[in-house]
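Nothing fancy with the numbering, it's 1 onward along the sequence. Below, each value reflects all heavy atoms present in this structure, side chains not excepted, and no hydrogens, waters or symmetry copies. In this text the structure is predicted, and so the values were computed from the model without any measurement. Start at 1 and go down the list; that is how both ligands and their atoms are numbered.
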Amino acid sequence: MSNRVLVVGGVAGGASVAARARRLDESAEITMFEKGPHVSFSNCALPFHLSGIVENSEDLVLMNPDKFAKQYNIDARTNSEVMKINREEKTVTVKNHANGEEYTEAYDKLFLSPGAKPIMPPVEGIDSPHVFTVRNVADIRKLQNYLQNEDVKDIAVVGAGYIGIEVVENLKHAGKDVSLIEAQNQVMAPFDVDMAQLLHKELHDQGVNLILNDAIVKIDEDTVELKAGKKVPAKAVVMAVGVAPETGLAKQAGLELGETGAIKVDHNYQTNDENIYAVGDAIEVYHRQTRQRMKLPLAGPAQRQARAAAGHMYNLPHQNTGVIGSSVIQVFDLNAASTGVNEKCAKDTGIQYDFVYIIPADKVGLMPESNPLHFKLLYEVPTGKILGAQAIGKGNVDKRIDIIAAMITKDATLEDLKELELCYSVLYGTAKDVVNFAALVGLNLLNGVYKQVTVPEVRELVENDAFIIDAREKDEYENGHLINAVNIPLSEFRERLDEIPTDQPVYVHCRSGQRSYNFCMALQNKGYHNVYNMSGSYLGICQHEYYNDQITGREKIVTEYNFN
Ligand SMILES: Cc1cc2nc3c(=O)[nH]c(=O)nc-3n(C[C@H](O)[C@H](O)[C@H](O)COP(=O)(O)OP(=O)(O)OC[C@H]3O[C@@H](n4cnc5c(N)ncnc54)[C@H](O)[C@@H]3O)c2cc1C
């Protein structure tokens, strides 16, 4: 008798389960239910319709029921919502939204991939017709039509995660005036707040009205009101404060939920009912580094889970490696990627760590498109095990972060990363790649070869009149410097040692940390013991300070900013 496979949800996880099941079993009867009007659309490309990068919204739909039937013999039913799971009878109750009819279908195995729904905070006005979310093709069409028909100019996007930022960027490209409102003190939670300053600067420079540390309390027809009392002009509001797993069906069926509130699954993505699997945004996953359960609503994990779950139905074993959380986003002219544990996560979970922040060129400096790449690498202390990384720059940050993701998955250390042999040509990178370079710096710190202070510590040093040496050449210094730094170029310091005190800490920076590292090593060789390299150096300091200087009007610690 053929295997009756039912799938709830017809997009990332659901469609992958159905297609994999077909590859494994030509005789299976596979039915996929999708409550919306489309199956297999590109969620990740939705925001790009707002700018016209994806011109036709039809292009967002990758497959239709007809193709599923012809190519894969899969019965894909749209406008078909699974309302109930009847575990005793092994059936589901389905509502056909096209004609209002309800019917049941029997299963041998049932797969749940219902995804996650946008969180809507209980704010006055949240149900108004000019408030939107972005989850599917119908949503993006509705938003786009409204913006065009009502000729909307001012838009507020609430929530600065990757969906919020992608929506903001595409709306700006479409010529809109956009405010981005975020309750936390930074955008993009996977990044540490120091790295997020680069993204704040970019959003600000691109004309986005970025508002941090504030939340909406009321939505009116023309404005949104913030907790701090400010009113922001908004004829349309896009809510992107996060998503919550769709657990309604699972709850109704008595399936177990985990500590995070998402569906609990085992190694093979089976729920507490062995005939029901669950995958995708609706489930709880295991973070291999923190050893904690978490939610990770990303497409890559959903696809892997779908393949593994479908395979398990046919007794194919798989290795469940857990998750580490890798992602990448474009923020106007910058690319930003991250993987693994960040500082906040390490602190929260008690992981002992230190980190490297370097700003090497993403490719050989004399090449036309060489740009600084801001790279932060976290490692465990004292083992040197690689914990995570964040990269921001104009170049290919994803390549570097993917390398680190692979290293984390293999439990690699700084020594492994230092020795990693990578491809190189001047057009693509540097002979010692950013990631090799970060490992070398990390090993130096771990082995106590030299000491560093970090960019967020610099303001206090300046305010306390610490002894800071600017090791750049005179012309670079004159183009902008820390207000109280002494300019002693690396090329001159051996003749000017008498200017460097031995009875107090000495902090050294240059443009990006390379010359100052050499300076520190030389001073140490000459008997100085209280010497600190300022990681990130002038480029990092300027990026870190800029946005808050603009927003708060506080006193600058630099005479002029340098960003290149
Ligand atoms: C705007 C946007 C941009 C994104 N960008 C990225 C990105 O760049 N990178 C990345 O990794 N991830 C991205 N994601 C996340 C990614 O799309 C999700 O992690 C992934 O789609 C999850 O797959 P899923 O199958 O669990 O859920 P989904 O793909 O959301 O599919 C779930 C489907 O189930 C249907 N459904 C729910 N309940 C029922 C029911 N009872 N009966 C029938 N059907 C039901 C829903 O209508 C929905 O269509 C983005 C998401 C959005 C919304």
In terms of residue, atom name and distance, what is the protein heavy atom nearest to [atom]?
atom	value
atom 38 (N) of ligand 1	P114 CB, 3.5 Å
atom 20 (C) of ligand 1	A12 CB, 3.7 Å
atom 14 (N) of ligand 1	Y162 OH, 3.3 Å
atom 43 (C) of ligand 1	K35 N, 3.3 Å
atom 7 (C) of ligand 1	C44 SG, 3.5 Å
atom 47 (O) of ligand 1	E34 OE2, 2.7 Å

Give the numbers and elements of all ligand 1 atoms closer than 4.0 Å to a heavy atom of [X].
X	answer
F33	43 (C), 44 (N)
L249	41 (N)
V134	1 (C), 53 (C)
G280	26 (O)
G115	26 (O), 27 (O), 32 (C)
G13	23 (O), 24 (P), 25 (O)

*On the 0 to 90° scale, with breaks at 30° and 60°, tag the F68-Y72 ring pair as parallel, tilted or perpendicular.*
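Tilted, since the angle between the ring planes falls between 30° and 60°.
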
*Kindly assign one of parallel, tilted or perpendicular to the pair H204 and Y547, based on the angle between their ring planes and the thresholds 30° and 60°.*
perpendicular

Are any of the N or O atoms of [X] closer than 3.5 Å to those of ligand 1?
X	value
A116	no
L298	yes
V82	yes
D281	yes
E81	no
A299	yes

Is it true that a side-chain atom of [X] and a backbone atom of [Y] form a donor plus acceptor pair closer than 3.5 Å?
X	Y	value
E284	T260	yes
R87	A253	yes
R400	D362	yes
R22	A28	yes
R288	T409	yes

*Go through the side-chain N and O atoms of E81 and H97 and say whether any donor and acceptor fall under 3.5 Å apart.*
yes

*Scan side-chain atoms only and decide if R141 and N145 contain a donor-acceptor pair under the 3.5 Å cut-off.*
no

_Using heavy-atom distances only, which candidate in N43, V8, V11 approaches atom 30 (O) of ligand 1 most closely?_
N43

_Selection from A45, G14, S113, G9 by shortest heavy-atom distance to atom 32 (C) of ligand 1_ = S113

*Verify whether the ring centers belonging to Y277 and F111 lie closer than 6.0 Å.*
yes

*asked:* If we only consider heavy atoms of I163, is any one of them less than 4.0 Å away from an atom in ligand 1?
replied: yes

*So is E246 close enough to ligand 1, meaning a heavy atom under 4.0 angstrom away?*
no

*asked:* Test of understanding: given a 4.0 Å heavy-atom threshold, classify the contact between P297 and ligand 1 as side chain, backbone, both, or neither.
replied: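 Looking at P297 and ligand 1, just backbone atoms fall under 4.0 Å.
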
*asked:* Checking contacts here: is it the side chain or the backbone of P301 that comes within 4.0 Å of ligand 1, counting heavy atoms only? Could be both or neither.
replied: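 No part of P301 is near ligand 1 at this cut-off.
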
*Validate the cation-pi geometry between K376 and Y357: distance from NZ or CZ to the six-membered ring centre under 6.0 Å, angle to the ring axis within 45°.*
no

*asked:* Quick check for you: to the nearest 0.5 Å, what is the distance between L203 atom CG and L198 atom CG?
replied: 11.0 Å

*How long is the gap from NZ on K363 to CG on L373, to the nearest 0.5 Å?*
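With rounding to 0.5 Å, NZ (K363) is 10.0 Å from CG (L373).
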
_Heavy-atom neighbours of R307 CZ exceed 12 at 6.0 Å_ =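 Not more than 12 within 6.0 Å, no.
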
